[in-house]
Amino acid sequence: MLTSTIAVVRGMLIEGLNQYPADWKVSQQTLANTVSWGLYGAARDWIDSPERRSAEETANGVTGLLAPLLHPG
């Protein structure tokens, strides 16, 4: 289940990256792997946290952490 979830998210990211070509500092595969595992890790941490924040608050925080990775620079 874990690897298939990561693979689906990674595939979606690569599809999006292909639609918006840019001068990435790493390969699209590396970027997609990094972001997909970051999303998975954040979700896993949220699920395992006994005093978790709301899903919306957590999603906003995770977006703030990962979004800069998706901006070439």
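Start at 1 with the first residue, then count along the sequence. When reading the values below, keep in mind they use all heavy atoms of this one structure, side chains included, and skip hydrogens, waters and symmetry mates.
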Query raised in the report: With sequence neighbours excluded, what pairs up with A7 under the side-chain contact (heavy atoms from CB on, under 4.5 Å) test?
Result: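 Scan of A7 (side-chain contact (heavy atoms from CB on, under 4.5 Å), adjacent residues dropped) gives R10.
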
Requested in this report: Let me know which of V8, T5, V9 forms a side chain to side chain contact (heavy atoms under 4.5 Å, CB included) with S36.
Outcome: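 One option only clears the test, and that one is V9.
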
Which atom pairs, donor and acceptor, lie under 3.5 Å between side-chain atoms of residues 11-23 and protein residues at least two apart or in another chain?
| unit_1 | atom_1 | unit_2 | atom_2 | d |
| --- | --- | --- | --- | --- |
| N18 | ND2 | I14 | O | 3.3 |

Query raised in the report: Of all heavy-atom pairs between L66 and V35, which one has the smallest distance, and what is that distance?
Result: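 For L66 versus V35, the nearest heavy atoms are CD1-O, 4.0 Å.
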
**Report entry** Heavy-atom closest pair, residues L69 and W24
**Finding:**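 Looking at all heavy atoms of both residues, the shortest contact is O-CZ3, 3.9 Å.
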
Could you give the side-chain donor-acceptor pairs of residues 51-59 under 3.5 Å, partners two or more places apart or in another chain?
| unit_1 | atom_1 | unit_2 | atom_2 | d |
| --- | --- | --- | --- | --- |
| R52 | NE | W46 | O | 2.9 |
| R52 | NH2 | I47 | O | 2.7 |
| S54 | OG | E57 | N | 3.0 |
| T58 | OG1 | W46 | NE1 | 3.4 |
| T58 | OG1 | S54 | O | 3.0 |

